[in-house]
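Remember, it's a predicted structure, so these values are computed and weren't measured experimentally. The figures that follow rest on heavy atoms only: side chains count, while hydrogens, waters and symmetry mates do not.
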Amino acid sequence: MTSSGCNEIPPVSSDYAPKGTYETIAGLKTYVIGPQSPQIAIIDIYDVFGLAPQTLQGADRLSSSLNALVLVPDFFEGACLQESWVPSDTPEKQAAIAKFREERATFPKNVEKLLEVRKAAGEKWPSTGDRWGVFGLCWGGKLVVLVSGKGNEGPGRVFKASGTAHPSALDAKDAEALNAPHICLASPGEPADLVAQYKEILAKPGKVGVVETFDTMFHGWMGARAKLDDENNKKEFERGYNQIAEFFGKYL
């Protein structure tokens with residue numbers, strides 16, 4: 001199930017100036033931030049609004065906190081979901097969003113792209129070894145859990161830790177399949193029963209995980225929808241990224 005916030009809450013503008021650069025990795029334009037010879041690396045997967053300044057600010061925070069290489073691939077190749085389509089309150093907007101999801105945002109196709117990026121980046125930065133994590137916002141969170149379960153093993157493929165914030169399309173089966181330590185930061189905008197199932201599953205023997213709901217936040221508070229001129233959102237944005245960094249620092 002996709003959170004209703006995906007189609008109802010537009011992104012906000014931000015005047016943040018990202019600190020990284022862009023390179024082409026596995027055929028995708030990719031935002032890159034971090035040291036030249038990194039010891040750990042994270043692939044950071046954006047929400048449906050693409051390479052938003054708030055998302056890149058989060059990537060910069062993760063890199064700075066962990067002295068890590070952080071990559072944000074442009075899976076949609078510039079054709080992200082448009083702010084003008086949200087809220088999806090007309091048949092035309094609904095059709096545009098449906099077309100975007102079908103042509104750009106299907107999960108199997110983008111899982112394949114993600115694994116290509118992981119392999120190519122591992123070869124480009126061999127100093128990282130197998131110390132790779134994967135983190136995703138909303139739509140990106142679904143990709144994260146899909147690559148952190150069955151098949152998550154081997155050189156050039158494995159993710160040693162995974163995480164999501166305000167994840168989309170939550171499914172208890174994904175949580176059951178996870179074989180990497182996993183952190184899930186939710187908002188009241190996601191189905192509470194599914195968040196509770198995730199928490200219960202990740203508390204089972206053999207699982208390693210953290211699930212926390214940020215009760216005063218909304219779907220998207222750590223991604224393109226982040227309202228960083230709002231003091232409470234800014235505080236919780238920072239707390240969320242600090243928590244993600246601490247988790248990845250522990251398991252990578």
S.K.: Between I43 and L114, does the side-chain contact (heavy atoms from CB on, under 4.5 Å) criterion hold? Intermediate values first, please.
M.R.: CA-CA 9 Å; I43 299 178; L114 171 55; 3.7 Å; yes
S.K.: Of all the heavy-atom pairs spanning A226 and F237, show the shortest one and how long it is.
M.R.: CB-CD1, 4.0 Å
S.K.: Between D89 and K93, is the closest basic N to carboxylate O distance under 4.0 Å?
M.R.: yes
S.K.: Report yes or no: does Q82 contribute a side-chain atom to a donor-acceptor pair with the main-chain N or O of C80 at less than 3.5 Å?
M.R.: yes
S.K.: Please determine whether side-chain hydrogen bond (donor to acceptor under 3.5 Å, both in side chains) holds for the pair D60 and Y31, giving the CA-CA distance in whole Å, both sets of side-chain angles, and the decisive distance to 0.1 Å.
M.R.: CA-CA 10 Å; D60 288 354; Y31 180 77; 2.6 Å; yes
S.K.: When you look at R104 and N110, which way does the side-chain contact (heavy atoms from CB on, under 4.5 Å) test go after all the steps?
M.R.: CA-CA 8 Å; R104 294 287 179 177; N110 285 291; over 6 Å; no
S.K.: Run the numbers on I244 and M222 for side-chain contact (heavy atoms from CB on, under 4.5 Å), then give the verdict.
M.R.: CA-CA 11 Å; I244 295 294; M222 286 175 63; 4.2 Å; yes
S.K.: Do Y46 and D74 meet the criterion of a side-chain donor-acceptor pair at a distance under 3.5 Å?
M.R.: yes
S.K.: Under 3.5 Å, is there a donor on one side chain and an acceptor on the other for H166 and E190?
M.R.: no
S.K.: CD of Q54 to CG of L137: how many Å apart, nearest 0.5 Å?
M.R.: 10.5 Å
S.K.: Any chain of hydrophobic side-chain contacts (each under 4.5 Å) joining L115 to V134?
M.R.: yes
S.K.: Please report the closest heavy-atom contact between S162 and L178, naming both atoms and the distance.
M.R.: OG-CD2, 4.4 Å
S.K.: Side-chain contact, heavy-atom cut-off 4.5 Å: R225 with F49?
M.R.: yes
S.K.: Do H219 and S187 have a side chain donor and acceptor closer than 3.5 Å?
M.R.: no
S.K.: Could you tell me whether the side chain of P38 reaches within less than 4.5 Å of the side chain of S127, counting heavy atoms only?
M.R.: yes
S.K.: Which heavy atom of A120 sits nearest a heavy atom of I25, and at what distance?
M.R.: CB-CG2, 4.0 Å
S.K.: List, one per line, each side-chain donor-acceptor pair under 3.5 Å for residues 193-203, sequence neighbours excluded.
M.R.:
none

S.K.: Could you check whether any side-chain heavy atom of D130 comes within less than 4.5 Å of a side-chain heavy atom of K160, counting everything from C-beta outward?
M.R.: yes
S.K.: Ion pair present between K142 and D174, side-chain N to carboxylate O less than 4.0 angstrom?
M.R.: yes
S.K.: Mind listing the closest non-hydrogen atom pair of C184 and P167 along with its distance?
M.R.: SG-CG, 3.8 Å
S.K.: Can you list the residues that meet the side-chain hydrogen bond (donor to acceptor under 3.5 Å, both in side chains) rule with R157, with sequence neighbours excluded?
M.R.: N152
S.K.: With a 4.5 Å heavy-atom cut-off, do L51 and Y22 have their side chains touching?
M.R.: yes
S.K.: Are side-chain heavy atoms of L71 and D44 found at a separation under 4.5 Å?
M.R.: no
S.K.: If hydrophobic clusters are built by linking Ile, Leu, Val, Met, Phe, Trp and Tyr wherever their side-chain heavy atoms come under 4.5 Å apart, do V158 and F135 end up in the same one?
M.R.: no
S.K.: For T128 versus A41, what's the shortest heavy-atom pair and its separation?
M.R.: CG2-CB, 3.9 Å
S.K.: State plainly whether the residues E176 and K207 are in salt-bridge range, i.e. N to O under 4.0 Å.
M.R.: no
S.K.: Let me confirm one number: the CG-CG distance from L62 to N242, rounded to the nearest 0.5 Å.
M.R.: 9.0 Å
S.K.: Can you tell whether the side chains of K113 and E77 come within less than 4.0 Å, N to carboxylate O?
M.R.: yes
S.K.: Kindly say whether the aromatic ring centers of F248 and W132 come within a distance under 6.0 Å.
M.R.: no
S.K.: Using side-chain heavy atoms (C-beta onward) and a distance below 4.5 Å, is V117 in contact with L28?
M.R.: yes
S.K.: For the atom pair CD1 (I183) and OG1 (T164), what is the distance rounded to the nearest 0.5 Å?
M.R.: 8.5 Å
S.K.: Given the ring of F214, does R239 sit roughly above its face, with NZ or CZ under 6.0 Å from the centre of the six-membered ring and within 45° of the axis?
M.R.: yes
S.K.: Quick one: ring-ring contact (aromatic ring centres under 6.0 Å, His included) partners of F159, sequence neighbours excluded?
M.R.: none
S.K.: Work out which heavy atom in W85 is nearest to a heavy atom in A96; give both atom names and the distance.
M.R.: CE2-CB, 3.6 Å
S.K.: With rounding to the nearest 0.5 angstrom, report the CG to CD1 distance, L252 to I40.
M.R.: 5.5 Å
S.K.: So is K29 actually on top of F75's ring, under 6.0 Å and inside 45° of the axis?
M.R.: no
S.K.: Are more than 12 heavy atoms, taken from residues, nucleotides or ligands other than K250, located less than 6.0 Å from that residue's NZ atom?
M.R.: no
S.K.: Can you tell me how the ring of W139 sits relative to the ring of F76, calling it parallel under 30°, perpendicular over 60° and tilted otherwise?
M.R.: tilted
S.K.: Test side-chain contact (heavy atoms from CB on, under 4.5 Å) on V48 and R101; report intermediate values, then the result.
M.R.: CA-CA 9 Å; V48 290; R101 292 191 180 282; 4.3 Å; yes
S.K.: Do N232 and K227 have side chains that approach each other closer than 4.5 Å (heavy atoms only, starting at C-beta)?
M.R.: no
S.K.: Check this for me: K234, atom NZ, are more than 12 non-hydrogen atoms of other residues, nucleotides or ligands nearer than 6.0 Å?
M.R.: no
S.K.: Which value, rounded to the nearest 0.5 Å, describes the distance between E246 atom CD and Q243 atom CD?
M.R.: 7.5 Å
S.K.: In Å, rounded to the nearest 0.5 Å, how long is the span from CZ of F247 to CG of L66?
M.R.: 12.0 Å
S.K.: Flag the pair S63 / R61 as yes when at least one side-chain heavy-atom distance between them is below 4.5 Å, and no otherwise.
M.R.: no
